[in-house]
Amino acid sequence: MTQDLKYLRLLAREYPTISAVSTEIINLSAILRLPKGTEHFISDMHGEYAAFLHMLKNASGVVREKIDLLFEDSMTLNERNSLATLIYYPAKKLENLRKEGALTEEWYSTNLLRLVEVCRLSASKYTRSKLRKALPKGFEYIIDELLHATDNENKTSYNREIVRSIIETGCADSFVISICELIQRLVIDRLHIIGDIYDRGPGAHIIMDALMRFHDIDFQWGNHDILWMGAAAGSDALIATTIINSLKYGNMDTLEDGYGISLSPLVTFAMQAYGDDPCLRFYPRTLEEPLSQRDSELMAKMHKAMAVILFKLEGGLILRNPDFKMEARRMLHRIDYERGFIELEEGSYPLADACFPTVLPSDPYLLSVEEQELLDKLRQAFYHSQRLQQHVQTLYSKGGLYLCCNGNLLFHGCVPAEADGSLTKVSFFGQEYSGKSYFDFADSMARKAYFGKWGSDERNRGLDFMWYLWCGPNSPLFGKDRMTTFERYFVEDKATHVERKNTYFLCAEDEDFAIRLLKEFGIEGDESRIVNGHVPVKIRKGESPIKANGRVIVIDGGMSKPYQRETGIAGYTLIYSSNGVFLSCHDPFVTVDEAIENEIDIHSTQTCVFRPGARKLVADTDVGRSLIERVEDLKRLLEAYRSGELKEHIR
């Protein structure tokens, strides 16, 4: 028996008759002619949950576009604003309207029909089968009927009776909330997160909760995601770094409130070891409400305590990994503790802070008994945080270091490159890598760090490599030659603080380089492009997110508030619909309460990056190509039935 016939016999189990095969061929062929679903690409949220969740709710302005398309001639601007706010925040908006006494039968009748119109337009590119799977439980039949109504007189009367019954039975609020949430789901077919969910802002855990519920999503890990993933996996160095980052920005919400990780052991240790040290260079940079002097002092002591522990851990980590080539980043043995000076590659520098009560000058990288006990407690706290582990498992199961999707190459940071445009060759553990092979290797190491057997050499090596991905000189996520954390704390001369970007960021301006890089990852074609984040685009300084003649698009627009002073905006969303590729540039978000009370939306300006000659169909996508192969296989099965090569199984 030929391999082809063996495969057809297996396929025949799923499609046992000519009728079943024919029906599926017809179904798949019809799907291929539908418009492609709309993909959204977002990066660098950095814990700014309120702005990010609003972008999900309004689909980066797409919901408002549909409202204006349907009702610009029949509704006032204020009415359209009100309808948009209702779709974004239905429960809270209904509550406010109820307090105002505005929820009359007429209001429900009018707005239910308007919501059905918006929902019908949003659902127009989906098959009825796919739509049914998305319908909210409890209202499946009613919404299906309303969405597929015809414009004859009988149907109009029938639909109005449905709406009247919804109101009369007291189900109107639940129905409004359900259909609004359905609209939010339908306007984004697939969501790509291009890294850096974590750090700086207060709500990375809230973002992750929302993304875990999203119907179709993938993640490309950023350096700040790898940091938390490595901490959850048990890397002491990355656990120390996550705590340091939280203390640095005066933001403990994700760590303590979100993940229930208590820092009480650190408070006790810091007060014992650094109680008399003012720790002036370790005060937090507050992003929102200013901290009290007492809290700032305590956090500074905690910050310094963890920083010194980190430098000890990094010293040992670098020593046992000569392949990392980071000897210059081992700092503690370079200090003259009596004089208060440090010998760096650039020369000798006085220390701005020479107080190291837990460092033994004769063995500076040795952890004290108390420091080791502290790390053991913190490691257990990270490991036993159920919510953190669930979030990290989602990042692993639905994510990776890169993704090739519908002609787009997605990754967070960079593909390390040389000045001549060649891809950097790196060697780890006896093997050489560059480009795609390097990404595949790094992805594999990150998985071994989390899923490898506890205590095994494989897992420990993976944990060390995750730290390298966070801050290594050829890390595709970090993208700089070094991380000058020590110098920023202890050396006044800012010349020692410089971190040089990888040459990739210059090469990415060149179209030929971008085309070669796309081919390296198996992507070709005039419409292929690279999408990445990581480096905020400084619009105020004349920088453009669209590079290399449209082959490279950088979508870090500064959703994180500290970056907005530099970028001049508050984030980007790249939107790839059936009509083309569009870059949506967002103004800063206010607050949820203001957005609802004053019916304020995020103002977004859209730029067309690419518009195809003909509308993109499902057949033009990766899924479409798989469906085309499926149709060809089914046609061969149909031929086998009709020729008598295979028998139908008629029950």
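All values reported here derive from a predicted model rather than from experimental measurement. Hydrogens, waters and symmetry mates play no part in the numbers below; they use all other heavy atoms, side chains included. In this chain, numbering begins with 1 at the start of the sequence shown.
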- Asp464 and Arg461: CA distance, side-chain angles, deciding distance, salt bridge (Lys or Arg N to Asp or Glu O under 4.0 Å) verdict: CA-CA 5 Å; Asp464 283 357; Arg461 188 177 288 181; over 6 Å; no
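- Residues Phe219 and Thr394 have side chains in contact (heavy-atom distance under 4.5 Å, counting atoms from C-beta outward).
- Listed here is the closest heavy atom pair of His586 and Ser604: ND1-OG, 2.7 Å.
- Geometrically, Arg529 engages Tyr576 in a cation-pi contact defined by less than 6.0 Å to the ring centre and at most 45° from the axis.
- Separating the NE2 atom in His46 from the CE atom in Met559 is a distance of 10.0 Å, to the nearest 0.5 Å.
- Atom CD of Glu509 and atom OH of Tyr504 lie 10.0 Å apart (nearest 0.5 Å).
- Note: Phe428 and Tyr438 have parallel aromatic rings, judged against thresholds of 30 and 60 degrees for the angle between ring planes.
- Side-chain contact between Asn532 and Val554 is present, with at least one heavy-atom pair separated by less than 4.5 Å.
- The shortest non-hydrogen separation linking Met229 to Met466 is CB-CE, 3.8 Å.
- Asn474 has its side chain within reach of Asn502: a pair of non-hydrogen atoms, C-beta onward, lies under 4.5 Å apart.
- A salt bridge between Arg482 and Glu499 is absent, with no side-chain N of the basic residue lying under 4.0 Å from a carboxylate O of the acidic one.
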- Task: List the steps, then state whether side chain to side chain contact (heavy atoms under 4.5 Å, CB included) holds for His303 with Ile244.
- Result: CA-CA 6 Å; His303 186 174; Ile244 287 168; 3.6 Å; yes
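- Two residues are said to be in side-chain contact when any heavy atoms from C-beta on lie closer than 4.5 Å; Asn321 and Trp467 fail this criterion.
- For the residue pair Ser422/Asp420, the side-chain donor-acceptor check at 3.5 Å is satisfied.
- With hydrogens and angles disregarded, no donor-acceptor distance shorter than 3.5 Å links the side chain of Arg611 to the backbone of Gly580.
- For the pair His391 and Ile197, the minimum side-chain heavy-atom distance is 4.5 Å or more.
- Partner of Trp228 under the ring-ring contact (aromatic ring centres under 6.0 Å, His included) criterion, chosen from Tyr396, Tyr198, Trp470: Tyr198.
- Asp601 and Tyr88 share a side-chain donor-acceptor pair at under 3.5 Å.
- Counting heavy atoms from C-beta on, the side chains of Phe441 and Val426 never come closer than 4.5 Å.
- The aromatic rings of Phe521 and Phe411 lie parallel to each other, their planes meeting at an angle below 30°, with 60° marking the opposite boundary.
- Between the Arg379 side chain and the Ile239 main chain, no donor and acceptor come within less than 3.5 Å of each other.
- With hydrogens and angles disregarded, no donor-acceptor distance shorter than 3.5 Å links the side chain of Ser475 to the backbone of Cys471.
- You'll find the ring centres of Tyr89 and His54 inside the 6.0 Å limit.
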- Message: Let's go through Asp556 and Asp196 carefully: what are the C-alpha distance in whole Å and the side-chain angles of both, what is the deciding distance for side chain to side chain contact (heavy atoms under 4.5 Å, CB included) to 0.1 Å, and is it a yes or a no?
- Response: CA-CA 10 Å; Asp556 182 0; Asp196 277 3; over 6 Å; no
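- The minimum heavy-atom distance linking Thr621 with Leu617 is given by the pair CG2-O, 3.7 Å.
- In this structure, Lys248 NZ and Thr241 OG1 are separated by 9.0 Å, a value rounded to the nearest 0.5 Å.
- For the atom pair CG (Leu395) and CG (Asp218), the distance works out to 11.5 Å, reported to the nearest 0.5 Å.
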- Message: I'd like to know whether Asn251 forms a side chain to side chain contact (heavy atoms under 4.5 Å, CB included) with Ser246, so could you lay out the CA-CA distance, the side-chain angles of the two residues, the decisive distance to 0.1 Å, and finally the verdict.
- Response: CA-CA 5 Å; Asn251 166 31; Ser246 299; 5.7 Å; no
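- Asp189 and His215 are not linked by any side-chain donor-acceptor pair at a separation below 3.5 angstrom, with hydrogens and angles left out of the test.
- Summarising the geometry of Ala446 relative to Ile226, their closest heavy-atom pair is CB-CD1, 4.4 Å, with the distance given to 0.1 Å.
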- Task: Take Ser584 and Gln606, measure what side chain to side chain donor-acceptor pair (under 3.5 Å) needs, and give me the verdict at the end.
- Result: CA-CA 4 Å; Ser584 194; Gln606 200 170 90; 4.6 Å; no
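- The two residues Gln220 and Leu401 have their closest heavy-atom pair at CB-O, 4.4 Å.
- What you find for Glu48 and Ser560 is that their closest heavy atoms are CG-CA, 3.7 Å.
- Using a 4.5 Å heavy-atom cutoff, the side chains of Lys57 and Ile87 are not in contact.
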- Please assess Lys125 against Leu34 for the test side chain to side chain contact (heavy atoms under 4.5 Å, CB included), listing each intermediate value before the final yes or no. CA-CA 6 Å; Lys125 62 172 64 177; Leu34 286 171; 5.7 Å; no
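- Atom CZ of Phe41 is separated from atom CD1 of Ile193 by 11.0 Å, given to the nearest 0.5 angstrom.
- Checked against a 6.0 Å centroid threshold, the rings of Tyr468 and Phe465 count as neighbours.
- Every side chain to side chain donor-acceptor pair (under 3.5 Å) that Glu527 has, sequence neighbours left out, goes to Lys616.
- Distance check, rounded to the nearest 0.5 Å: OG1 of Thr254 to NE2 of His205 gives 5.0 Å.
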